[in-house]
Amino acid sequence: MTQQLTIRQPDDWHLHLRDGVMLESVVGASAAHFRRAIIMPNLVPPVVTEKDAVAYSQRIREALQSSGTDAAFTPLMTLYLTEQTDANDVVSAAANGVIQAVKLYPAGATTNSASGVTSIDKVMPVLEAMAAHNIVLCMHGEITRSEVDIFDREKVFIDDVLEPLRKRLPELRIVLEHVTTSHGVDFVKAQSSGMGATITPHHLVLNRNHMLVGGIRPHYYCLPIIKREEHRQALVSAATSDDKRFFLGTDSAPHTANTKENACGCAGVFNAINTMSTLAQVFDDANALDKLEQFASVNGPHFYQLDTNEAQMTLEKQDEPVTFAQQIDAGSQHVVVFDPGQPLYWRVASVSA
Ligand code: NCD
Ligand code: ZN
């Protein structure tokens, strides 16, 4: 008999949809499975004001329509925190229901982060206002000091920036985005309130050998970079545990293939299409299918103080591995779809209206 699993419809708490042709090309894949998504603001130029967020949200809705997507999908907008950000604008955007969170990129940490923050001191008034108004801060948790090894950047960020900030402003609710290390997992677990973390599907299935042994695989290059196997295992333990502080953020981040298969390839994995199959396989392999709903559909709304979705998703386990498109078109270019590197037997069978 076919094994089935029905869960509340999941949400994606960290998603890059881009703009223009790319937005139109990728938005349907997320809308097909996820009811809501936290939309990252690292466009060029970034989404920095309430007005920008209103306009970008409108473009996402238009792209949903023009791409022929009929699934219900709500983009939850964010603002990109800069050293010029006006606290009043952030508070207004949240009060008007335009944004769900603010994103902090350390300047230079990742794709399109040049307008990010060089020092927490410079954005302290905004963070204080956010704490006072219960606005969530999403953090890209990597230090950017050139002397810090890329594999250590999350740990050093936690020790040098995040931990002091937690002490200074404990009321500020923070999501450590795409946590990738056991150090990050342990840090989040040690926080009794006000702290959560998203975990990506690719960090749950890959270690750095998958990226670097036998040839360099540019489509596995993302930031924070894929770490050692022991860290992957710590992430799987966190995701499959009952711990409400960990939830799904795909970090689906499309780039055209030519910009990744390049002498200086850019960071980001496009996984929106097969995230749910990947997750179901990870949870199945960990004998934790009963925890998938918590991770993908319950813990995120709990942290963001939102209701869980009414709609349901049914996943089905097949005898043969599921196949996916290897790439999707984006205008005259294409985007390579994440290859989980192992057979996945679970497919999304249906999503109720
Ligand atoms: C993201 C992107 O391409 O926008 N890239 C990535 O490797 N994850 C940015 C980010 O989330 O760091
Ligand atoms: Zn991201």
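In listed order, ligands and their atoms are each counted from 1. No experiment lies behind these values; they were computed from the predicted model shown.
- Using a 4.0 Å cut-off between heavy atoms, Glu177 makes no contact with ligand 1 at all.
- Both Leu223 and Ile143 are assigned to one and the same hydrophobic cluster, defined by single-linkage of ILVMFWY side chains at heavy-atom distances under 4.5 Å.
- Numbered from 1 in the order shown, with element, the atoms of ligand 1 that lie under 4.0 Å from a heavy atom of Ala253 read 1 (C), 2 (C), 3 (O).
- A heavy-atom separation below 4.0 Å is not found between Asn112 and ligand 1.
- Ligand-side atoms of ligand 1 in range of His14: 11 (O), range being under 4.0 angstrom from any heavy atom.
- With no hydrogens or angles considered, no side-chain donor-acceptor pair links Thr275 and Thr278 at under 3.5 Å.
- Contact annotation: His178 has at least one heavy atom less than 4.0 Å from an atom of ligand 1.
- Between the side chain of Glu83 and the main chain of Thr118, a donor-acceptor pair closer than 3.5 Å is present.
- Among protein heavy atoms, atom 5 (N) of ligand 1 sits closest to Ala267 O, 3.1 Å.
- Checked by distance only, ligand 1 and Asn42 come closer than 3.5 Å through their nitrogen or oxygen atoms.
- Atoms NZ and CG, on Lys122 and Leu81 in that order, are 12.5 Å from each other to the nearest 0.5 Å.
- One finds no salt bridge joining Glu62 and Arg59 here, because no Lys/Arg side-chain nitrogen approaches an Asp/Glu carboxylate oxygen to under 4.0 Å.
- Ligand-side atoms of ligand 1 in range of Gly268: 5 (N), 6 (C), 7 (O), range being under 4.0 angstrom from any heavy atom.
- The neighbour count for Glu229 CD, taken as heavy atoms of other residues, nucleotides or ligands under 6.0 Å away, is above 12.
- The existence of a salt bridge linking Asp121 and Arg168 is confirmed by a sub-4.0 Å separation between a basic side-chain nitrogen and an acidic carboxylate oxygen.
- If you check which protein heavy atom lies closest to atom 8 (N) of ligand 1, you get Asp251 OD2, 2.7 Å.
- The closest approach between any non-hydrogen atom of Arg18 and ligand 1 is below 4.0 Å.
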* Residue pair Asp339, Arg217: steps toward the salt bridge (charged side-chain N to carboxylate O under 4.0 Å, His left out) verdict -> CA-CA 11 Å; Asp339 171 7; Arg217 291 178 185 74; over 6 Å; no
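- Nearest protein neighbour of atom 10 (C) of ligand 1, counting heavy atoms only, is Thr110 OG1, 3.4 Å.
- Salt bridge annotation for Asp243-Lys189: absent, with no cationic side-chain nitrogen under 4.0 angstrom from a carboxylate oxygen.
- Counting backbone and side-chain atoms alike, Glu177 contributes no N/O/S atom closer than 2.8 Å to the Zn ion (ligand 2).
- For His16, the N, O or S atom closest to the Zn ion (ligand 2) goes by the atom name NE2.
- Within the listing of ligand 1, atoms 12 (O) sit less than 4.0 angstrom from a heavy atom of His140.
- Among the atoms of Cys222, none of the N or O lies under 3.5 angstrom from an N or O of ligand 1.
- Scanning the protein for heavy atoms near atom 1 (C) of ligand 1, the closest one is His16 NE2, 3.6 Å.
- The nearest N/O/S atom of Asp251 to the Zn ion (ligand 2) is OD1.
- In terms of protein heavy-atom proximity, atom 7 (O) of ligand 1 is nearest to Leu223 N, 2.7 Å.
- At least one heavy atom of His255 sits closer than 4.0 Å to an atom of ligand 1.
- A cation-pi arrangement is absent between Arg228 and Phe151 under the rule of less than 6.0 angstrom and at most 45 degrees off the ring axis.
- For Glu320, the CD atom counts as loosely surrounded, since its 6.0 Å shell holds 12 or fewer non-hydrogen atoms of other residues, nucleotides or ligands.
- With 2.8 Å as the limit, His14 counts as an N, O or S neighbour of the Zn ion (ligand 2).
- Within the coordination shell of the Zn ion (ligand 2), defined by N, O or S atoms under 2.8 Å, His140 is absent.
- A 6.0 Å sphere centred on CD1 of Ile216 holds no more than 12 heavy atoms belonging to other residues, nucleotides or ligands.
- Between Val175 and His14 the shortest side-chain heavy-atom distance does not fall below 4.5 Å.
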